[in-house]
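Nothing fancy with the numbering, it's 1 onward along the sequence.
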Amino acid sequence: ANVKATRAWRGAFVKALEKECRNPDPTGMTVATAASTDFPEEFGRTFQAWMSYNMSWHYAGLLCAEKLLLAWGDRRLAERVRGQAAKIRRHFVPVFWNPKNGFWNEGVHPTNPDLVCDIPLSTAMGAMDSPYGEDLYGDKFAESAAFCAREFMREDGVHIIRRNEDRGWKEWTRQPNNWFAANDTMMVRLMRSTGNARALEQLFYLYEINFGYQPCVFEGKPFQRPLNTSGSWQAFGAGAWYRNLVEGAAGLWADLGGLGIMPCGLGEPVRLSGLRYCGAVIDFTATGQGTWPAKLLVDSKPLTGTTKLPPLSRGPHRVEVEYGPSMPVFPVITLAVDAEVRNVRARPGETRAALRGRGYTPVSFFSPGKPEVIVNGRAVPAEWDPQTGRGRFRVVLSGKADVRIRAEGK
């Protein structure tokens with residue numbers, strides 16, 4: 001039945017992707033209505049624009065389509081779609097980053113870069129709705145998290161406008177002093193991925209004081225609103241809370257390559273029982289405080305050099321994480337989007353692993369020193385922040401690739 005359903009829409013899907021790849025815009029982007037209809041005059045939403053959150057979702061969608069095309073055996077179109085996504089990635093920061101605000105513009109006019117929707121809505125974090133967000137934000141990743149923690153997070157909830165904003169935002173629509181669940185999902189992932197423990201603690205405090213209340217707002221109700229009032233039908237609000245508990249409290253995330261852990265220990269023990277994933281049933285525990293695991297066990301076997309779990313068979317499994325204050329003395333692969341991470345071997349100053357997957361694969365890692373990255377015997381360029389030790393590189397996989405990350409001077 002699934003095969004028949006796929007064949008039914010495959011032709012239209014391929015035609016849409018072929019049209020997408022003929023996009024004449026040099027940025028690879030498409031022009032859309034500037035954000036929503038909420039207060040267009042106050043926030044500069046009076047023109048057609050490139051939209052940051054539209055393009056971030058579009059970017060992730062193209063790369064998901066690339067994987068599907070490769071599964072169908074359509075390598076030619078997969079390569080074109082990958083190139084279209086790369087074009088968006090190359091232009092995303094130059095187009096949308098606002099150095100004056102230190103955050104992303106919501107929208108930018110395609111022929112006038114000075115004409116922007118500059119209210120930094122948390123919807124500008126749309127890239128964090130998928131594992132490709134870190135790749136798209138590039139060297140603005142940590143800066144984006146710091147801005148969100150400073151400007152959006154308050155004592156009463158996650159706001160959707162920054163501090164001291166005095167334009168628009170009437171009382172009868174999306175109130176700035178309410179928690180909008182679709183946005184805080186992305187906020188949790190952003191803070192967890194950058195190891196911002198203080199921001200995560202504030203988010204969990206907000207969960208506690210609002211537990212049992214509907215986090216979506218449109219009708220101008222008081223901040224704490226019981227679930228039986230109008231608006232509680234919004235299922236994506238409940239979905240956001242579930243994702244935040246799994247991704248935020250436990251730090252678990254998933255892609256085509258399996259489950260991984262976004263490391264950040266808050267000092268409070270976390271336990272998930274009977275978590276189901278692709279036939280596996282997982283009991284998960286996390287203890288300790290610190291940015292990095294001092295110990296990571298998968299079915300009682302230690303896992304070092306990566307926080308992405310090996311492929312799990314059907315049936316019961318146990319994952320245990322213990323965080324500590326020390327930094328790793330070897331590189332740690334933290335993200336390999338849509339790829340399996342196997343046969344990891346870590347020693348002081350060096351980590352080796354096998355990546356298994358298809359198509360475009362951004363990889364994020366920690367390194368205690370300036371990294372040298374070798375993939376299948378050849379050096380590949382890598383970005384690295386010496387202040388945080390976090391870096392990334394990009395590969396296109398066609399099956400298995402051997403990766404070596406060596407920290408200079410270690």
Checking D25 against T27 for the side-chain hydrogen bond (donor to acceptor under 3.5 Å, both in side chains) test, could you report, in this order, the C-alpha distance in whole Å, the side-chain angles of both residues, the deciding distance, and whether it holds? CA-CA 5 Å; D25 193 309; T27 67; 2.7 Å; yes
Rounded to the nearest 0.5 angstrom, the CG-CE distance for L200 and M187 is 10.5 Å
Let me confirm one number: the CH2-CG distance from W50 to N105, rounded to the nearest 0.5 Å.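 W50 atom CH2 to N105 atom CG measures 12.0 Å (nearest 0.5 Å).
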Within the 6.0 Å centroid threshold, strictly below: W104 and F147: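 No.
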Can you name the nearest heavy-atom pair linking [X] to [Y], along with the distance?
X: A346; Y: T304; answer: CB-OG1, 3.8 Å
X: L62; Y: V81; answer: O-CG1, 3.2 Å
X: R192; Y: M262; answer: NE-O, 2.7 Å
X: K400; Y: A354; answer: CE-CB, 3.7 Å
X: D283; Y: G274; answer: OD1-N, 2.9 Å

R75, CZ atom: more than 12 neighbouring heavy atoms under 6.0 Å: no
Backbone N or O of N343 within a donor-acceptor pair of the R345 side chain at under 3.5 Å?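 Between the backbone of N343 and the side chain of R345 there is a qualifying donor-acceptor contact (under 3.5 Å).
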Could you tell me whether a side-chain N or O of E66 sits under 3.5 Å from a main-chain N or O of A78, the two making a donor and an acceptor? no
Would you call the rings of W57 and Y53 parallel, tilted or perpendicular, taking 30° and 60° as the class edges? perpendicular
Which of parallel (below 30°), tilted (30 to 60°) and perpendicular (above 60°) describes F366 and W292? tilted
D255: what forms a side chain to side chain donor-acceptor pair (under 3.5 Å) with it, not counting sequence neighbours?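 Once residues adjacent in sequence are excluded, the partners of D255 under the side chain to side chain donor-acceptor pair (under 3.5 Å) criterion are K308.
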Applying salt bridge (charged side-chain N to carboxylate O under 4.0 Å, His left out) to E320 and K295, what does each step give before you reach the verdict? CA-CA 8 Å; E320 304 166 76; K295 181 169 61 176; over 6 Å; no
R394/D135 salt bridge by N-O under 4.0 Å criterion: yes
Thinking salt bridges, do E134 and R189 make one under a 4.0 Å N-O criterion?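 No.
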Please list, chain by chain and in numerical order, all residues satisfying side-chain contact (heavy atoms from CB on, under 4.5 Å) with L272, sequence neighbours excluded. A250, L252, L275, F284
